[in-house]
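Naming: A, B, ... by sequence-line order, numbering from 1 per chain. Quick note: numbers below take in every heavy atom, side chains included, and nothing from hydrogens, waters or symmetry partners.
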Amino acid sequence: MNVHDHEGVQAFLDDLGLSLDPARFTPRYNLAPSDPVHALFAGEGLEIAEMRWGLTPRNPKQRNLLINARAETAWRLPSFRESMRRRRAVVPVNGFYEWRREGDERLPFYITGRQPVLALAGLFDVDAQGEMRCCVLTTAANAEMQCIHDRMPVCLPHDRVREWLSDGDPAALGKLIAGARDQALHLTRVSKFVNSSRNDGPECMLPVAA
DNA sequence: CCAGACGTTGTT
DNA sequence: GTCTGG
DNA sequence: CCAGACGTTGTT
DNA sequence: GTCTGG
């Protein structure tokens with residue numbers, strides 16, 4: 001994920017009556033699983049909190065962080081079911097990365113929306129240490145994304161964020177998820193600099209020739 | 001009905 | 001608690 | 001997600 | 001191949 005632009009994020013939050021203290025904001029150009037990220041959720045009203053990316057599996061035998069959840073199956077899977085019902089989240093990002101596999105190569109693309117912030121639909125949970133953790137819902141890739149990958153994050157229209165976080169009706173939520181594929185996305189080929197999560201700087205999102 | 005298990009995604 | 005298998 | 005590592009005992 | 005770290 002890429003969350004580098006505080007001004008853009010704050011403009012998005014303004015419409016929701018939320019604010020994010022610039023002092024608590026670190027620009028991230030290459031935010032990796034297990035890293036802290038700010039996410040919205042319905043607490044006592046709409047709230048924003050720092051969560052770590054990836055739900056911790058409740059079964060200790062399973063150690064993989066759950067960084068994504070398929071929107072099609074999250075309703076019934078034990079790991080996500082309760083969060084789908086009662087712990088939905090939104091992760092505001094400036095963009096995200098997807099890799100096109102070409103043989104042994106991973107060719108990264110930076111993906112943005114029409115506006116400076118993409119509102120990614122997600123879930124959260126509280127782990128055994130009391131820390132909030134979140135994951136991102138995925139859906140079938142739309143036409144733009146299909147050339148690099150068959151899945152993409154669920155991107156909510158900004159005017160549906162409140163509804164996603166507050167409405168409990170699965171049918172209504174299903175429509176929000178379905179609408180994600182209509183969000184216009186813009187793909188930029190970037191250098192493999194971003195492939196190492198040790199690299200976290202503006203170079204991650206710089207265009208390179210295809 | 002009871003017993004027993006109880007992991008997801010993406011990629012190949 | 002809840003789902004699956006028998 | 002991708003990159004990169006991937007070893008044990010005993011002794012100091 | 002598989003696990004860990006970021």
Inset, instruction - Under 4.0 Å between any heavy atoms, over every strand shown, what does A:Leu77 touch: base, sugar-phosphate, or nothing? Just pick one. - result: sugar-phosphate

Legend entry - Base-pairing mate for D:dT8 - Watson-Crick or G-U, with both contacts under 3.5 Å: none

Inset, instruction - For A:Phe80, answer base if it contacts any base atom (sugar-phosphate contacts may also be present), sugar-phosphate if it contacts only those atoms, and nothing otherwise; contact means non-hydrogen atoms under 4.0 Å. - result: sugar-phosphate

Inset, instruction - Look only at the side chain of A:Trp53 and the backbone of A:Ile67, and say whether a donor-acceptor pair between them is shorter than 3.5 Å. - result: yes

Legend entry - Among B:dG7, B:dG10, D:dA3, the nucleotide that comes nearest once only the side chain of A:Ser196 is considered: D:dA3

Legend entry - Side chain of A:Arg198 (C-beta onward), nearest among E:dG6, B:dT8, B:dT9: E:dG6

Legend entry - Heavy-atom closest pair, residues A:Phe80 and A:Leu123: CB-CD1, 3.9 Å

Inset, instruction - Among the candidates E:dG6, B:dT9, B:dT8, find the nucleotide nearest to the side-chain atoms of A:Pro33. - result: E:dG6

Legend entry - Of the listed nucleotides D:dC2, B:dT9, E:dG6, the one nearest the side chain of A:Ala32: E:dG6

Inset, instruction - For A:Arg58, report the nucleic acid contact type (base, sugar-phosphate, nothing); a contact means any heavy atom under 4.0 Å. - result: nothing

Inset, instruction - Give A:Asp150 one of three labels, base, sugar-phosphate or nothing, depending on what nucleic acid heavy atoms sit under 4.0 Å from its own. - result: sugar-phosphate

Inset, instruction - Select base, sugar-phosphate, or nothing to describe what A:Arg76 touches, counting heavy atoms under 4.0 Å on all strands. - result: nothing

Legend entry - Separation of atom CZ in A:Arg106 from atom P in D:dA3, rounded to whole Å: 6 Å

Inset, instruction - Kindly assign one of parallel, tilted or perpendicular to the pair A:Phe12 and A:His158, based on the angle between their ring planes and the thresholds 30° and 60°. - result: perpendicular

Legend entry - Out of E:dG6, D:dC1, B:dG7, whichever nucleotide has its closest atom nearest the side chain of A:Ser197: E:dG6

Legend entry - Length of the line joining A:Asp127:CG and B:dG7:P, which is rounded to integer Å: 19 Å

Inset, instruction - Specify the separation, in whole Å, of atom CZ of A:Phe96 and atom C1' of D:dC1. - result: 12 Å

Legend entry - Side chain A:Arg133, main chain A:Gly54, donor-acceptor under 3.5 Å: yes

Legend entry - Assigned partner base of B:dA3, Watson-Crick or wobble definition, under 3.5 Å: C:dT4

Legend entry - Residue A:Thr73, side-chain heavy atoms: nucleotide from B:dT8, D:dC1, B:dT9 that is nearest: B:dT9

Inset, instruction - May I ask you to evaluate whether A:Ser34 reaches the phosphate of E:dG5, defined as a side-chain N or O under 4.0 Å from OP1 or OP2? - result: no

Inset, instruction - Would you kindly give the CG-to-C1' distance between A:Asn2 and D:dC1, to the nearest whole Å? - result: 14 Å

Inset, instruction - Please tell me which of the listed nucleotides, B:dG7, C:dT2, D:dA3, lies nearest to the side chain of A:Asn195? - result: D:dA3

Inset, instruction - State whether A:Arg70 places a side-chain N or O below 4.0 Å from either non-bridging phosphate oxygen (OP1 or OP2) of B:dT9. - result: no

Inset, instruction - Give the rounded distance in Å between these two atoms: CD1 of A:Ile67 and C1' of D:dC2. - result: 10 Å

Legend entry - Basic-acidic side-chain contact under 4.0 Å: A:Arg52, A:Asp127: no

Inset, instruction - Can you tell me the distance, in whole Å, between the CZ atom of A:Arg133 and the P atom of B:dT8? - result: 17 Å

